[in-house]
Amino acid sequence: NIDKSFPAASAAMSAAGEQALKAGLPSATIITSTAGDIDDPRGREAYRMVCKAIRFTEHFYDCKDREDLMSMIRLNSKNNMVYIEFNHKQLGKSDEWFEKNTANKDPKTVAKDYMNQWLHGSEGSIFPKDLLDQLQCSRKDPLTVTYYESLAIRWYDNPKILTSDSLYKDRPYVMACDTSDNVGRDFTSFCMLDPYDMHTVATFKCNTTNLAFVARCILKFMKDFPRSIFIPERNKNGAMLLDFIFAETRRETFNPLQRIYNSYFQNYTQDTNVKNLDYGSGTVRKEFGFNTSKSATSREFLYGTVMMTALKLNVTRLYDNSLIDEICGLTMKNGRVDHSEQGHDDLFISYLLACYFILFGRNHQLYGIGPDEFMCNIEANGNEIEAEEKRQKKLAKARIVELRKLIDRDVNIIVKQAHQRELNKLMDIIGDEDIIDDTIKPLEQVDKGAITEAKRNRNYSVVDLYKAL
């Protein structure tokens, strides 16, 4: 009963820790455990501690002194704790030991006791095991961690290369943010995706830093990556974050209309007037950001169509441990997808916002994004592919569709045979796969009826929605 025993024990440990520090000795409270069931009261309490803690990285050693380290921990956690995971190799055990000790054990037992995976009980998880396994395999430690003052930014690509090499610097990165009150409860979370294959580039989380500070950090990202697009959730805190950004952009050269997701471009028609917008006006600013109160862009749509499409395409390129923990911790509450009682979904919401813009954002060209820039390095099934190969394949498919129409209409047998020979050659290049449209359905073409039908059963799984999509 950790929820009862830990508070009682921590008081005594705190007193002993103070005495050790006075004597010049190091002092810390260390809790060791294997992972547990999130649905079990004991596992739920331990998982709560994990979700509130900051994950350990070796970049802690780069802190100037103890006070610098403690400041960073306070700003990036909710309980002043550090979470560290060790696998069997880090504990001095071999793969042979692992195989011997996990043989004939239940897969969930192995996942929790030997692989540090926090799981729901048998009825809790909305995801099938194969998808959860893919998520676990995509975990990576950050390539590096940088600091904007005390805000820890986890990078999965080298930031020095990204900001200096034009091959990377000029990509239209998509950045999203889910904001909170930043008073020690929920996190304000940020996620940045590479538009070419949707892999996670950088993330950060904070829960005590004020929004003006977060706004300055995001503006630095926008300046470092001059073609990036920012999409915040427009709740009360998101609106405040945007106000800070608009105030700062008066000193900058970039146009907010082309750098921040907005309904002017999302719903653009020939009658839309975007000339001489007054960014000091509340009626203008309210059109910026992702508004979850509108039915077409609701939280349910994020947790339905966007989530299923994104995971189908990108389950192997998520990387970030906190992001994957949040996904694995999702469950059903009152018939809808939500985080568990002790968990969070802040970082996952920011990830979904970025995916929404890539997959369902309209009129990308108005933001200065080319027609073939998004997802140019992945196929419709999520497999990686070189951009030129994808372009050639796209041209070949279009030609195949055209040739089939010509063959159906041809009367001249000689012309028909010539078209058939060309078709056969192209089919040899493409293979036996179906010639289908590789693009994601526009928002207005999503079959909401099929999705609703798939979700009628309260315990629907990701597989049901895959079929609906």
Side-chain angles (χ1 to χ4, degrees), residues 130-131 134 138 167 170-172 174 193-199 266 268 304-317 354-451 453-454 462-469:
D130 61 336
L131 187 136
Q134 287 180 288
S138 76
L167 182 66
D170 293 335
R171 291 184 183 182
V174 181
L193 301 185
D194 187 308
Y196 286 9
D197 63 1
M198 297 176 65
H199 80 262
Q266 181 70 4
Y268 187 85
T305 308
V306 177
M307 179 175 74
M308 303 310 151
T309 307
L311 290 178
K312 190 175 182 179
L313 286 170
N314 203 40
V315 68
T316 61
R317 291 180 290 272
C355 291
Y356 167 81
F357 182 74
I358 293 173
L359 298 171
F360 298 101
R362 301 190 186 100
N363 302 310
H364 289 147
Q365 74 281 1
L366 298 177
Y367 297 93
I369 300 168
D372 295 322
E373 287 193 278
F374 279 175
M375 301 193 299
C376 62
N377 283 347
I378 55 175
E379 298 184 282
N381 58 8
N383 291 339
E384 296 181 10
I385 187 174
E386 291 296 328
E388 179 59 23
E389 182 183 351
K390 183 175 182 179
R391 189 183 73 83
Q392 293 292 340
K393 186 177 286 191
K394 184 177 180 180
L395 291 173
K397 289 183 178 183
R399 179 59 177 165
I400 286 172
V401 172
E402 181 183 10
L403 286 169
R404 285 176 172 172
K405 292 178 181 179
L406 290 173
I407 291 170
D408 289 340
R409 296 200 304 262
D410 285 336
V411 176
N412 188 306
I413 188 63
I414 302 300
V415 175
K416 184 187 288 279
Q417 288 176 344
H419 285 154
Q420 186 63 54
R421 287 193 296 272
E422 183 182 355
L423 175 62
N424 292 341
K425 289 181 179 179
L426 288 175
M427 290 298 293
D428 288 340
I429 296 173
I430 297 298
D432 294 330
E433 61 186 65
D434 294 333
I435 307 305
I436 59 173
D437 184 4
D438 280 349
T439 59
I440 301 297
K441 293 178 183 178
L443 186 60
E444 61 273 11
Q445 293 180 18
V446 171
D447 187 349
K448 297 181 178 64
I451 293 170
E453 182 66 26
V462 73
V463 175
D464 300 314
L465 283 177
Y466 275 178
K467 293 175 181 177
L469 291 169

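In what follows, every heavy atom counts, from backbone to side chain, and hydrogens, waters and symmetry copies are set aside.
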Restricting to non-hydrogen atoms, name the atom on Gln266 and the atom on Arg362 that form the minimum distance, rounded to 0.1 Å.
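Nearest pair, atom of Gln266 first, then Arg362: OE1-N, 2.9 Å.
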What's the shortest heavy-atom distance between Asp197 and Ile378, and which atoms?
CB-CG2, 3.7 Å
For the [atom1] atom of [X] and the [atom2] atom of [Y], what is their distance to the nearest 0.5 Å?
{"X": "Ile369", "Y": "Arg171", "atom1": "CD1", "atom2": "CZ", "result": "14.0 Å"}
{"X": "Leu423", "Y": "Ile407", "atom1": "CG", "atom2": "CD1", "result": "4.5 Å"}
{"X": "His364", "Y": "Phe374", "atom1": "NE2", "atom2": "CZ", "result": "4.5 Å"}
{"X": "His199", "Y": "Asn314", "atom1": "NE2", "atom2": "CG", "result": "9.5 Å"}
{"X": "Met375", "Y": "Asp194", "atom1": "CE", "atom2": "CG", "result": "12.5 Å"}
{"X": "Leu193", "Y": "Arg317", "atom1": "CG", "atom2": "CZ", "result": "11.0 Å"}

Tell me, please, which residues at least two apart from Glu402 pass side chain to side chain donor-acceptor pair (under 3.5 Å).
Arg399
Among Glu422, His419, Gln420, which residue satisfies the side chain to side chain contact (heavy atoms under 4.5 Å, CB included) criterion with Leu406?
His419
Just wondering, do Pro195 and Glu373 contact through their side chains at under 4.5 Å, heavy atoms?
no
Kindly indicate whether the side chain of Cys355, heavy atoms from C-beta on, has any atom under 4.5 Å from the side chain of Thr309.
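Answer no - side chains too far apart.
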Begin from the C-alpha positions of Leu313 and Leu359 and carry the test side-chain contact (heavy atoms from CB on, under 4.5 Å) through to its verdict.
CA-CA 10 Å; Leu313 286 170; Leu359 298 171; 3.7 Å; yes
